[in-house]
Every structure is written in C-alpha cells, then in structure tokens.
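Data first, discussion second: the structure below is written as structure tokens.
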Amino acid sequence: MRVALEAARKSVEIETKGMAQLRAALDGELGKALAQAIELIRNARGRVVVSGMGKSGHIGRKVAATLASTGTPAFFLHAAEASHGDLGMVTQDDVLLAFSWSGETAELADLIEYSKRFAVPLIAGTSKRDSALGRAADVLLLLPQVEEACPNGLAPTTSTTIQLVLGDALAVALIEDRGFTARDFRVFHPGGKLGARLHKVDDLMHGGDDMPLLPETAAMSEVILAMTGKRFGCVGLIDASGALTGIITDGDLRRHWGPDMQNKRPSDIMTRGPRTAQLGSLASAALEFMNRRKITVLFILDAGKPVGILHIHDLLRSGVA
C-alpha cells in the first residue's frame with residue numbers, strides 16, 4: 001500500500017509540473033494563439049465544433065459541454081463518425097476545434113480536409129507543430145511537451161490534463177469576453193441543485209399587495225390585522241416617500257403586549273433599520289444571510305423602497321437550501 005500511495009503522490013507531482021509548463025506557455029506563443037482563437041470564436045456566426053479521438057476525444061466532449069453551458073454554442077463531433085456522414089453537421093459559419101496530442105490521429109484526416117475544402121476555420125490543440133493537424137491549423141494551440149504520469153509513459157495522463165485545462169481556459173476567457181453572467185448561466189442550468197442556487201431573490205419574492213406594508217402612522221389595530229392577514233409574521237413600516245424605515249414581528253407584539261397596546265404607535269415597538277436584501281441578489285446569498293442572522297423573512301429593496309418580501313420557506317421550497 002505504501003508503494004501505491006507513493007506512486008499516487010508522484011502522479012500528482014508530475015501533473016502539477018505539467019500544469020506549470022502550461023501556465024508558462026501561456027505567457028508566450030500559446031497565449032498569443034489563444035487570443036486569436038478567442039477572436040475567431042467571438043466573430044463566428046455559427047458554433048464551435050469540437051472533435052478528437054480516444055482520450056483526447058473524451059476531453060473534447062467535456063470542453064464542448066463547458067462551452068455550450070457558458071454562452072458559446074458548441075457540440076462534440078466524433079472524429080470517426082464525421083467520415084460517415086456527420087460532417088454534414090458542420091457549416092461554413094462554424095469553427096472547428098480539434099484535440100490530438102500527437103496531431104497525427106488518422107480519424108481526423110477527413111475533418112481536416114473538409115475544413116480546407118469549405119474554408120471552415122480550424123483551431124488545433126496539439127503538442128506537435130509539424131504534425132498533420134498542426135500544419136493544417138489556422139490557429140495552433142501548441143501544447144508544451146510534458147511528462148506523462150503513467151510510469152510506462154504510455155497512458156494519456158498529464159497530456160489530457162493540460163488539454164482539459166486549456167479548454168477550460170478558453171471557455172473562461174470567452175465568459176469574460178462575452179460578459180456572461182450568473183443569470184445567463186441559470187438560463188442553461190434550470191434544473192437540479194445548481195439551477196436552484198442560481199435563483200435571484202426576484203424569482204422567489206412576494207410583491208405588490210402580498211407585501212405586509214403599512215405607513216408609520218398606522219394604528220396598532222391595523223398592524224395586527226396586516227400581520228395575521230398576510231401570514232409572514234411581520235409588518236414593514238414605510239415613511240411618506242415609501243422607504244422602509246422599520247419592521248414589527250410577531251415576537252415584537254408578544255414582548256410589548258399589555259393593556260395599553262392599542263394606545264401605542266407602531267414606531268414605539270418597531271425595529272428600525274431592519275435586515276434587507278437588494279433586488280437582483282442571489283437567493284442563496286439571502287439564505288446564508290438569514291441563517292447567519294437567525295431571521296425568517298427579508299424585505300427586498302430597490303433604491304431603498306420595498307418591492308418584495310422573501311420568507312425562508314420560499315427558499316426551502318425552491319431547493320436553494
């Protein structure tokens with residue numbers, strides 16, 4: 001077991017070294033080529049068609065999925081299937097992105113020929129400048145020569161890691177270039193836990209007449225009616241301009257209850273400067289804030305005025321928690 005663990009540690013060290021070589025390459029020729037690839041993809045009217053074979057193909061499939069989910073239309077084209085009719089998926093408006101460590105993958109030959117015949121721009125991710133793929137590329141992402149973590153130097157390990165990282169770097173650069181936001185991200189991830197955590201408070205809050213709001217000058221009887229009628233366990237108080245100035249909770253009512261309750265003014269028992277969230281903020285951030293402050297409701301403000309109210313149960317039902 002000790003020998004196996006030592007091999008595992010050495011594998012991580014070798015792949016970490018490969019990552020450092022990739023980082024250094026981005027400060028030179030590779031960085032300039034990546035900028036060209038970003039420009040080419042940004043100006044394309046079609047999609048990014050990612051291809052590769054074997055382990056490079058698996059990497060390409062993941063890169064295509066990452067691009068598609070972050071605002072860059074993309075899909076994976078199996079290099080072998082391309083030669084049997086799937087080249088029809090590629091249009092002259094598209095950009096080809098092909099991964100091959102050696103650059104001599106036979107199955108890519110027809111894809112390369114097709115790109116030249118129909119003037120489809122080709123971006124190549126390979127470690128061999130003088131390979132068939134490297135020579136054919138319009139943009140060559142020349143990967144550094146790295147040591148494989150495999151003790152036999154055969155199984156693609158470090159090489160596939162840096163291909164994957166390069167693909168992620170391209171996707172992240174395009175995110176920044178396009179100004180792709182968390183709200184845009186949620187459009188492509190509506191399902192599951194990730195989609196739920198990308199909800200904004202705007203999506204879950206109650207607005208309009210559902211909000212328990214009263215002017216500061218309201219009578220205590222109105223406060224009690226509003227609190228029981230709206231069922232949020234609180235009432236927000238606003239000034240003449242409509243700005244939220246305080247909140248009264250059912251706990252405040254219990255603490256101040258007495259024979260003279262009807263003679264009190266809301267401002268006598270309200271909490272001034274209540275905790276709030278801003279319109280457009282993430283629901284997950286609101287949940288974290290509510291848990292930390294041990295509160296169950298938040299008024300949502302826009303320019304200081306309440307536009308909604310959010311209960312912790314709304315967050316739980318939506319799957320944010």
Side-chain angles (χ1 to χ4, degrees), residues 66 69-71 172 175-176 179-216 218 220 222-239 241-257 261 264 266-321:
T66 300
S69 71
T70 53
V172 170
I175 288 173
E176 292 289 343
F180 193 79
T181 66
R183 183 177 288 275
D184 298 320
F185 194 78
R186 182 174 174 265
V187 171
F188 301 124
H189 299 77
K193 191 71 173 180
L194 181 58
R197 290 193 63 81
L198 290 170
H199 277 303
K200 295 295 184 75
V201 292
D202 321 27
D203 304 321
L204 304 175
M205 71 183 189
H206 305 266
D209 291 338
D210 290 333
M211 286 188 292
L213 287 176
L214 288 173
E216 290 178 321
M220 285 304 302
E222 293 178 276
V223 171
I224 295 170
L225 287 173
M227 190 175 297
T228 55
K230 302 294 185 180
R231 300 190 180 187
F232 285 100
C234 70
V235 171
L237 298 170
I238 55 176
D239 61 18
S241 70
L244 185 72
T245 56
I247 187 173
I248 298 176
T249 67
D250 51 8
D252 293 326
L253 287 180
R254 288 193 297 271
R255 283 188 292 273
H256 291 88
W257 193 264
M261 189 64 172
K264 291 181 182 290
S267 58
D268 294 333
I269 66 170
M270 74 178 186
T271 299
R272 295 187 178 276
R275 309 294 183 186
T276 61
Q278 294 301 309
L279 191 70
S281 58
L282 283 173
S284 56
L287 176 63
E288 188 277 331
F289 181 77
M290 293 165 82
N291 283 331
R292 180 157 41 89
R293 296 291 181 176
K294 295 181 172 57
I295 56 179
T296 58
V297 290
L298 274 178
F299 276 100
I300 311 302
L301 305 186
D302 185 20
K305 297 182 180 180
V307 292
I309 186 170
L310 186 65
H311 196 284
I312 196 167
H313 289 165
D314 301 319
L315 298 167
L316 297 176
R317 278 192 296 268
S318 72
V320 172

With rounding to the nearest 0.5 Å, note down the distance linking OG1 in T249 to CZ in R255.
5.5 Å
Once rounded to the nearest 0.5 Å, what's the spacing between atom CG of D250 and atom CZ of R231?
13.5 Å
Taken to the nearest 0.5 Å, the spacing of T70 OG1 from I175 CD1 works out to 4.5 Å
Would you call D203 and K200 a salt bridge, using N to O less than 4.0 angstrom?
no
Where is the tightest heavy-atom contact between F299 and P212, given as atom of each residue plus distance?
CZ-O, 3.8 Å
Determine all donor-acceptor pairs shorter than 3.5 Å in which one atom belongs to a side chain in residues 285-295; sequence neighbours excluded.
residue: E288; atom: OE1; partner: R292; partner atom: NH2; Å: 3.2
residue: E288; atom: OE2; partner: R292; partner atom: NE; Å: 2.9
residue: N291; atom: ND2; partner: L287; partner atom: O; Å: 3.4

Backbone N/O of S241 and side chain of K305: donor-acceptor pair under 3.5 Å
yes
Measure the spacing between SG of C234 and CG of L298 and express it to the nearest 0.5 Å.
9.5 Å
Could you tabulate the donor-acceptor pairs under 3.5 Å formed by side-chain atoms of residues 266-276, not counting sequence neighbours?
residue: D268; atom: OD2; partner: R265; partner atom: N; Å: 2.9

Closest non-hydrogen atom pair, E216 against T245:
OE2-OG1, 2.7 Å
With side chains defined as the heavy atoms from C-beta onward, is the minimum distance between E222 and V235 less than 4.5 Å?
no
Taking all non-hydrogen atoms of both residues, which atom of G280 and which atom of D202 are closest, and how far apart?
N-OD1, 2.8 Å
Quick check for you: to the nearest 0.5 Å, what is the distance between M220 atom CE and L225 atom CG?
11.0 Å
Verify side chain to side chain contact (heavy atoms under 4.5 Å, CB included) between I309 and D210, making sure each step is shown before the conclusion.
CA-CA 8 Å; I309 186 170; D210 290 333; 6.0 Å; no
Pick one: which of H313, M211, H206 meets side chain to side chain contact (heavy atoms under 4.5 Å, CB included) with F232?
H206
Side chains of T296 and H311 in contact at under 4.5 Å (non-hydrogen atoms)
yes
Euclidean distance, L244 CG relative to L237 CG, rounded to 0.5 Å:
7.5 Å
Please report the closest heavy-atom contact between L282 and V201, naming both atoms and the distance.
O-CG1, 4.1 Å
